[in-house]
Undergrad: 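Sending over a structure as structure tokens; questions will come in a sec.
Excluded from the calculations below are hydrogen atoms, water molecules and symmetry mates; all remaining heavy atoms, backbone and side chain alike, are included. One-based numbering along the sequence shown.
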Amino acid sequence: MNLQRIFHASLFFLTLTVLWQLLVYAEIWSPVLVPSPLQVLHYLISSLQDGTLISASYVTLKRLIQGYLVGLLVGIPIGLLNARFQLFEDTIGFLALGLQTLPSVCWAPLAILWFGQTEKAMFFIVIMGSIWSIALATDAGVKNVPPLYVRAARTLGSQGFHTWFKVIVPAALPFIISGMKQGWAFAWRSLMAAEIYITILTGFGLGNLLHYGRELHAMDAVIGVMFVIIAVGLLVDKVVFSPLEVFMHEKWGTHTKR
């Protein structure tokens, strides 16, 4: 990101912060409901000093990564099978399309009944929240591969699995990476729903802090944790997924420079 873009982004968020502070001064809402930026900043600093945010972030990220990796290991093969076989497309693909529209929070009651207030329940919700979006994105990515690639490969003698794993899957990688990014976002949302609904002694995550902030009417804690969730999401996107997306699109010549 160049200096001009950094300046524009900084100016934008500074303006939002000033407007936020002005709304607090105007006393349109109770300070209990809308804390000032300084109150939220004070909560973040104190929570970092006593280790609350660091511990909660570690617990949440550990759960998220574990569930997301399983979602990848299952979702990508499902997407490839759906793209390759019409039978899978008409059965599992149709099921995936329906389940992908189901809000992640809907899995929470089922998970609690099946697994109780345990890590397994959270693990299940994260997997179910991410697997279907990854499968559908993989399916769409394979179907977006230009048929010319396949015809050219077959002209050169490529057939069967060789065509799939040497031509089609590599050509679909830019779209699969985008699906992985989408799956990460769905996994985030799923885990937040799980941690808000499920309280276990094996670790309190960011979602649990949100829940306790609501119960205690501590809006500085609620907004502060929301900022942390946004910051972690943006950091993962900028450090992991965005460079990977740019690399893959440039490699295949589908990247548009701005």
Side-chain angles (χ1 to χ4, degrees), residues 53-82 92-93 95-112 114-141 172-200 202-211 222 225-245 248:
L53 272 181
I54 296 175
S55 175
S57 299
Y58 171 76
V59 170
T60 293
L61 285 174
K62 182 180 69 173
R63 291 168 176 164
L64 181 65
I65 292 173
Q66 290 174 345
Y68 176 67
L69 289 178
V70 174
L72 286 180
L73 292 175
V74 178
I76 291 178
I78 289 177
L80 294 176
L81 289 172
N82 289 344
I92 297 179
L95 177 66
L97 183 61
L99 293 179
Q100 196 266 340
T101 63
L102 188 69
S104 303
V105 70
C106 294
W107 293 108
L110 188 63
I112 293 175
W114 281 0
F115 305 105
Q117 301 274 356
T118 64
E119 290 283 352
K120 292 180 180 178
M122 293 193 180
F123 192 57
F124 173 79
I125 295 172
V126 174
I127 293 173
M128 298 304 292
S130 61
I131 185 176
W132 308 116
S133 62
I134 295 171
L136 291 174
T138 302
D139 182 13
L173 278 177
F175 303 98
I176 294 176
I177 297 300
S178 298
M180 292 169 58
K181 179 179 177 180
Q182 181 181 351
W184 175 265
F186 275 96
W188 251 122
R189 298 170 188 176
S190 303
L191 182 56
M192 289 302 101
E195 289 186 342
I196 288 173
Y197 274 88
I198 302 173
T199 301
I200 53 180
T202 52
F204 296 100
L206 295 174
N208 299 121
L209 293 183
L210 273 177
H211 174 69
V222 172
V225 173
M226 290 173 63
F227 282 158
V228 172
I229 294 171
I230 293 172
V232 173
L234 289 174
L235 181 63
V236 171
D237 178 75
K238 295 301 181 183
V239 173
V240 179
F241 290 109
S242 289
L244 196 54
E245 278 186 308
M248 294 306 304

Undergrad: Which class fits the ring pair Trp184 and Tyr68: parallel under 30°, tilted 30 to 60°, perpendicular over 60°?
TA: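 Rings of Trp184 and Tyr68: perpendicular, as their planes differ by over 60°.
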Undergrad: Measuring from Ile76:CD1 to Asp139:CG, what's the distance to the nearest 0.5 Å?
TA: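 Reported to 0.5 Å precision, the distance equals 12.5 Å.
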Undergrad: Is the shortest side-chain heavy-atom distance between Met180 and Leu72 below 4.5 Å?
TA: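 In short, these two side chains touch, coming nearer than 4.5 Å.
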Undergrad: Does a side-chain heavy-atom distance below 4.5 Å link Ile112 with Trp107?
TA: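 Ile112 vs Trp107: side chains apart.
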Undergrad: As an exercise, state the distance from OG1 of Thr138 to CD1 of Ile177, rounded to the nearest 0.5 Å.
TA: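 Result: 9.5 Å between the selected atoms.
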Undergrad: Any non-hydrogen side-chain atom of Leu97 less than 4.5 Å from a side-chain atom of Leu136?
TA: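 In contact.
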Undergrad: Do Ile196 and Asn208 come within less than 4.5 Å of each other through their side chains, counting heavy atoms only?
TA: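 Side chain of Ile196 against side chain of Asn208, heavy atoms only: no contact under 4.5 Å found.
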Undergrad: Could you tabulate the donor-acceptor pairs under 3.5 Å formed by side-chain atoms of residues 122-129, not counting sequence neighbours?
TA:
none

Undergrad: Would you call Leu210 and Ile229 a side-chain contact if the rule is heavy atoms closer than 4.5 Å?
TA: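 SC-SC contact between Leu210 and Ile229 confirmed.
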Undergrad: Less than 4.5 Å apart, any side-chain heavy atom of Tyr197 and any of His211?
TA: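 Side-chain contact under 4.5 Å: no.
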Undergrad: Who are the side chain to side chain contact (heavy atoms under 4.5 Å, CB included) partners of Leu73, not counting sequence neighbours?
TA: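 By the side chain to side chain contact (heavy atoms under 4.5 Å, CB included) rule, Leu73 matches no residue at all.
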Undergrad: For residues Val59 and Phe204, determine if any side-chain heavy atom of one lies less than 4.5 Å from a side-chain heavy atom of the other.
TA: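 The answer is no; the side chains never approach within 4.5 Å.
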Undergrad: Can you tell me how far the CD atom of Glu119 sits from the NZ atom of Lys62, to the nearest 0.5 Å?
TA: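 NZ of Lys62 is found 6.0 Å from CD of Glu119.
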Undergrad: By the salt bridge (charged side-chain N to carboxylate O under 4.0 Å, His left out) test, which pairs, at least two apart or in different chains, include something from residues 188-197?
TA: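 Every salt bridge (charged side-chain N to carboxylate O under 4.0 Å, His left out) pair that includes a residue of residues 188-197, provided the two are not neighbours, is Arg63-Glu195.
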Undergrad: Before you tell me yes or no, could you show the steps for Asp237 and Lys181 under side chain to side chain contact (heavy atoms under 4.5 Å, CB included), namely the whole-Å CA-CA distance, both residues' side-chain angles and the distance that decides it to 0.1 Å?
TA: CA-CA 8 Å; Asp237 178 75; Lys181 179 179 177 180; 2.6 Å; yes
Undergrad: Is the side chain of Ser130 donor-acceptor paired with the backbone N or O of Phe186 at a distance under 3.5 Å, no angle test?
TA: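 No, the answer is negative, given that no donor and acceptor are paired below the 3.5 Å cut-off.
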Undergrad: Hey, are the side chains of Leu206 and Leu53 touching, using non-hydrogen atoms and a 4.5 Å cut-off?
TA: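 Of all side-chain heavy-atom pairs linking Leu53 with Leu206, at least one is under 4.5 Å.
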